[in-house]
Amino acid sequence: MLNLLNSDLYKLLRRKSFYICGLIVGALGVIGVLLLNNMINSDFGIDAQTLGFNGIQSMSSAMSEITLLITIFMSIFIPSEFTFGTIKNIASKGRSRAEIYLSKLIMGIFVTITYTLFAAIVGFTAGSIMWGTGEFTNEVTLNILRMIGLFILAEIALQSIYTMVGFLVRHTGGAVAINLGIIIAFPVLTSFIDFALNHWFKIEFEASKYWVSTYTNSFLNLEIAHDVINTGIWVSLAYLVISTFIGIITFQKRDIK
């Protein structure tokens with residue numbers, strides 16, 4: 001398993017798309033800070049720092065940009081391994097399907113952690129240059145670590161779904177289309193379900209609470225309610241376990257062409 005992980009990591013780090021997507025993450029983080037400052041100046045005629053914006057708050061703004069880039073990268077990385085025959089070659093050497101799948105999933109986790117930390121650093125740096133760093137107290141530091149940790153958990157759970165799709169579809173164009181469709185369609189669908197249940201059937205139920213991408217947004221705050229944290233953790237773990245299980249089982253039952 002360790003040799004397989006080393007091989008996958010080597011291939012991942014040699015891909016130009018890994019660095020291109022990373023640079024786009026950083027660029028979007030900086031652009032987001034600049035646009036926010038210009039918008040506040042235009043709308044209120046004052047600097048964003050006057051309203052309390054600082055480098056600490058800018059971290060979450062930059063981190064919010066990574067989901068799309070990770071999704072695109074993983075939607076390219078995994079299907080291309082089938083296209084180039086890499087998966088078939090690995091399996092022919094006696095590697096178990098579960099090991100192959102988990103190795104790719106771990107690469108997705110690595111990308112998620114890398115992009116998240118890079119985005120946080122870029123956002124903090126850009127925000128600090130514009131508005132100052134903000135005050136680092138013990139409470140604020142713990143809140144930052146909690147925010148980053150919870151966001152990474154939710155993002156990993158979301159990417160586990162896209163990893164599953166990559167193994168099911170095995171074609172770059174199809175995987176990208178389906179995964180982008182999930183990003184766009186599911187939040188709209190859960191919002192519609194919430195609206196229909198609450199307004200048409202008078203049922204108090206929030207479907208959006210049980211869709212994992214809800215928490216990639218909810219966790220991007222320094223102050224998070226405990227019930228949101230608890231629900232978000234369980235939802236994220238559920239999606240991670242279920243999608244991984246489905247992905248491994250279906251991968252084991254299908255031929256590798």
Q. Linking I/L/V/M/F/W/Y whenever their side-chain heavy atoms sit closer than 4.5 Å, directly or via other members, would F84 and V176 fall into one cluster?
A.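 No, no single cluster joins them.
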List for me each residue that meets side chain to side chain donor-acceptor pair (under 3.5 Å) alongside [X], sequence neighbours excluded, and say none if there are none.
| X | value |
| --- | --- |
| T214 | none |
| D194 | S208 |
| K209 | none |
| S213 | W211 |

With a 4.0 Å cut-off on N to O distance, would you call E99 and K93 a salt bridge?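 Looking at K93 together with E99, the answer is no, because their closest N to O distance does not fall below 4.0 Å.
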Margin query: Between R170 and E81, does any side-chain N to carboxylate O distance fall below 4.0 Å?
Written below: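 Salt bridge between R170 and E81, a charged N being under 4.0 Å from a carboxylate O: no.
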Counting C-beta onward and ignoring hydrogens, is there a side-chain heavy-atom pair between [X] and [Y] closer than 4.5 Å?
| X | Y | value |
| --- | --- | --- |
| I183 | L180 | yes |
| M164 | L168 | yes |
| T163 | M107 | no |

Review item, side-chain donor-acceptor pairs of residues 61-73, under 3.5 Å, at least two apart:
| from | atom 1 | to | atom 2 | distance (Å) |
| --- | --- | --- | --- | --- |
| S64 | OG | S61 | O | 2.6 |
| T67 | OG1 | E155 | OE1 | 2.7 |
| T67 | OG1 | E155 | OE2 | 3.4 |
| T71 | OG1 | T67 | O | 2.7 |
| T71 | OG1 | Q159 | NE2 | 3.2 |

Next on the checklist: Under the ring pair (Phe, Tyr, Trp, His ring centres under 6.0 Å) definition, can you give me all pairs with a residue in residues 133-180, not counting sequence neighbours?
Outcome noted: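 For residues 133-180: F82-F167, Y101-F167, F124-F136, F167-F251.
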Discussion item. Can you confirm whether the side chains of S243 and S160 place a donor and an acceptor under 3.5 Å from each other?
Written reply: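 Indeed, the side chains of S243 and S160 share at least one donor-acceptor pair under 3.5 Å.
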| task | Considering only Ile, Leu, Val, Met, Phe, Trp and Tyr, and joining two whenever side-chain heavy atoms are under 4.5 Å apart, list the other residues clustered with I31. | result |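 Listed partners: L35.
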Check the pair F110, L13 against side chain to side chain contact (heavy atoms under 4.5 Å, CB included), reporting the backbone distance first and the verdict last.
CA-CA 11 Å; F110 172 80; L13 295 177; 4.2 Å; yes
Suppose we screen for side chain to side chain contact (heavy atoms under 4.5 Å, CB included). Which residues come up paired with F245, at least two apart in sequence or across chains?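 So F245 forms a side chain to side chain contact (heavy atoms under 4.5 Å, CB included) with I249.
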Which residues share a side chain to side chain contact (heavy atoms under 4.5 Å, CB included) with I178, sequence neighbours left out: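 If we apply the side chain to side chain contact (heavy atoms under 4.5 Å, CB included) test to I178, skipping adjacent residues, the hits are V165, V169, I182.
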Report task. Could you walk me through whether E135 and V140 pass the side chain to side chain contact (heavy atoms under 4.5 Å, CB included) test, one step at a time? Result -> CA-CA 8 Å; E135 184 179 357; V140 169; over 6 Å; no
Exercise. Residues two or more places apart in sequence or in another chain: which of them pass ring pair (Phe, Tyr, Trp, His ring centres under 6.0 Å) with Y19?
Worked result: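 For Y19 there are no ring pair (Phe, Tyr, Trp, His ring centres under 6.0 Å) partners, ignoring immediate neighbours.
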(message) Could you work out, with ring pair (Phe, Tyr, Trp, His ring centres under 6.0 Å) as the rule, every residue matching Y210, not counting sequence neighbours?
(response)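 By the ring pair (Phe, Tyr, Trp, His ring centres under 6.0 Å) rule, Y210 matches F205.
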Crowding at CG, N230 (>12 non-hydrogen neighbours, <6.0 Å):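 Counting neighbours around CG of N230, more than 12 heavy atoms of other residues, nucleotides or ligands fall under 6.0 Å, so yes.
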In a table with atom names and distances, give each donor-acceptor pair under 3.5 Å that connects a side chain of residues 115-123 to protein atoms at least two apart or in another chain.
| from | atom 1 | to | atom 2 | distance (Å) |
| --- | --- | --- | --- | --- |
| Y115 | OH | F18 | O | 2.5 |
| Y115 | OH | G22 | N | 3.4 |
| T116 | OG1 | T112 | O | 2.7 |

